[in-house]
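I have placed the structure first, in the form of structure tokens, so that the comments after it can refer back to it.
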Amino acid sequence: LACSKTTTQMIMFYLSWLMKHRVSNAWQNLQQFLHKLCSLAADGIWKHKVLFEEKEIEDQGLNQPQLLSLFLNEKGLEKGTDHVNVYSFSHLHLQELFAAMFYVLEDQDGMVSDSRILAKDVNMLLESYHTSRMDLNVTVRLLFGLVNPKSVEYADEGIGCRISLQPREDLLRWLQTRP
């Protein structure tokens with residue numbers, strides 16, 4: 001992918017670069033971290049949420065400062081008399097990409113998807129977008145970009161994440177049923 005042609009490819013290239021140049025150890029740990037990060041991003045997109053409290057980060061198992069700082073910005077806020085840390089994705093499009101990845105990433109061997117927050121239901125996402133949630137526009141576009149064969153290959157080689165083929169079938173079926 002010498003020259004990125006889509007927004008999805010550009011963000012995937014950025015993630016690949018980050019991983020090659022910033023993450024020195026624990027490749028498997030990074031893969032688990034990304035799955036959890038995608039879950040947090042998707043939950044935030046559904047709830048119109050861009051700021052996450054420290055408890056949410058801990059509950060998701062994302063409290064790994066070296067990895068967390070690659071994707072989320074930390075800010076201190078005064079909440080009454082307390083000082084709390086909140087986190088946000090470094091760019092809204094990154095949150096939207098990770099949210100889209102939540103729906104297409106294959107679960108890793110030995111790692112069960114954390115379904116406490118959301119079900120990985122592409123059809124529910126598409127129907128919500130179609131009927132009432134136009135704010136899901138970028139997430140849905142990135143979802144289509146992620147199932148592109150070039151993106152599937154690049155996700156596997158560049159960031160070590162396998163993309164499931166089932167969402168691609170669901171997306172194509174959804175497109176065929178639209179007027």
Side-chain angles (χ1 to χ4, degrees), residues 1 4-16 19 30-53 56-57 59-62 71-72 87-179:
L1 192 65
S4 299
K5 293 182 175 38
T6 68
T7 302
T8 305
Q9 289 173 338
M10 183 179 73
I11 296 172
M12 296 291 278
F13 180 79
Y14 169 73
L15 288 177
S16 173
M19 290 178 194
L30 177 65
Q31 302 314 308
Q32 291 175 356
F33 183 87
L34 282 177
H35 277 75
K36 294 172 184 178
L37 189 67
C38 290
S39 181
L40 179 76
D43 185 52
I45 293 295
W46 277 105
K47 294 177 179 174
H48 302 279
K49 188 174 189 171
V50 294
L51 292 177
F52 303 92
E53 293 184 14
E56 294 169 286
I57 299 300
D59 289 349
Q60 280 287 346
L62 292 169
F71 307 104
L72 298 178
Y87 298 84
S88 64
F89 285 84
S90 52
H91 194 281
L92 180 58
H93 282 340
L94 269 182
Q95 182 177 352
E96 291 168 320
L97 176 79
F98 285 124
M101 285 176 70
F102 171 80
Y103 291 95
V104 298
L105 286 182
E106 284 184 3
D107 290 332
Q108 294 177 291
D109 296 337
M111 184 180 160
V112 178
S113 176
D114 186 357
S115 58
R116 291 178 298 160
I117 296 176
L118 289 173
K120 283 189 171 189
D121 187 348
V122 171
N123 293 308
M124 183 179 77
L125 173 72
L126 294 170
E127 281 310 307
S128 293
Y129 166 67
H130 180 69
T131 57
S132 63
R133 293 284 308 266
M134 294 310 290
D135 59 297
L136 296 172
N137 182 34
V138 174
T139 304
V140 169
R141 286 176 184 236
L142 290 168
L143 185 63
F144 275 92
L146 285 168
V147 298
N148 173 299
K150 284 185 178 180
S151 293
V152 170
E153 180 182 333
Y154 195 70
D156 189 27
E157 293 172 7
I159 61 174
C161 293
R162 298 193 57 89
I163 293 180
S164 171
L165 298 178
Q166 183 59 48
R168 181 185 173 100
E169 294 171 18
D170 293 339
L171 289 165
L172 291 173
R173 194 171 28 260
W174 181 76
L175 277 176
Q176 291 170 348
T177 61
R178 295 284 98 20

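Just so it is clear, the model here is predicted, and its values are computed rather than measured.
At least one side-chain heavy atom of His93 sits less than 4.5 Å from a side-chain heavy atom of Val138. Put simply, the side chain of Cys38 reaches to within 4.5 Å of the side chain of Leu105, judged on heavy atoms. Two residues are said to be in side-chain contact when any heavy atoms from C-beta on lie closer than 4.5 Å; Ser164 and Val104 fail this criterion.
The 12-atom threshold is not exceeded at CG of Leu165, counting heavy atoms of other residues, nucleotides or ligands nearer than 6.0 Å. Residue Glu127 places its CD atom among more than 12 non-hydrogen atoms of other residues, nucleotides or ligands, all under 6.0 Å distant.
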(message) Show, in sequence, the C-alpha distance, side-chain angles and deciding distance for Met101 and Leu146, and conclude whether the side-chain contact (heavy atoms from CB on, under 4.5 Å) test is met.
(response) CA-CA 7 Å; Met101 285 176 70; Leu146 285 168; 3.5 Å; yes
(request) Show your reasoning for whether side-chain contact (heavy atoms from CB on, under 4.5 Å) applies to Leu143 and Leu125. (result) CA-CA 10 Å; Leu143 185 63; Leu125 173 72; 3.6 Å; yes
(message) Determine whether Thr8 and Ser151 satisfy the following criterion, side-chain contact (heavy atoms from CB on, under 4.5 Å), listing intermediate values before the conclusion.
(response) CA-CA 8 Å; Thr8 305; Ser151 293; 4.1 Å; yes
(message) Apply side-chain contact (heavy atoms from CB on, under 4.5 Å) to residues Asp156 and Cys161 and explain how you reach the verdict.
(response) CA-CA 5 Å; Asp156 189 27; Cys161 293; over 6 Å; no
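Taking each heavy atom of Gln60 and Ser39 in turn, the nearest pair found is NE2-OG, 3.6 Å. Considering every non-hydrogen atom in both Lys36 and Leu62, the closest pair reads CB-CD2, 3.6 Å. Counting all heavy atoms, side chain and backbone alike, Ala41 lies closest to Ala99 at CB-N, 3.6 Å. Contact detail for Ser88 and Val50: the closest heavy-atom pair is CB-O, 3.2 Å. In plain terms, the two heavy atoms of Leu97 and Leu142 that are nearest each other are N-CD1, 3.5 Å.
Judged by distance alone, the side chain of His35 and the main-chain N or O of Glu106 form a donor-acceptor pair under 3.5 Å. Remark: the backbone N or O of Trp46 is paired with a side-chain donor or acceptor of Arg133 at under 3.5 angstrom. Proximity of a side-chain donor or acceptor of Glu153 to a complementary backbone N or O of Lys150 within less than 3.5 Å is not detected. A donor-acceptor pair under 3.5 Å links the side-chain atoms of Gln95 to the main chain of Lys49, judged by distance alone.
In this structure, Leu40 CG and Phe102 CZ are separated by 11.0 Å, a value rounded to the nearest 0.5 Å. Atom OG of Ser128 and atom CE of Met134 lie 12.0 Å apart (nearest 0.5 Å). The OH atom of Tyr129 lies 10.0 Å from the CG atom of Asp135; values are rounded to the nearest 0.5 Å. Taking CG of Leu92 as the start and CG of Leu94 as the end, the distance is 9.0 Å to the nearest 0.5 Å.
Using a 30° and 60° split on the angle between ring planes, Phe52 and Phe89 fall in the perpendicular class, above 60°. Relative orientation of the His130 and Trp174 rings is perpendicular, given thresholds of 30° and 60° on the angle between their planes.
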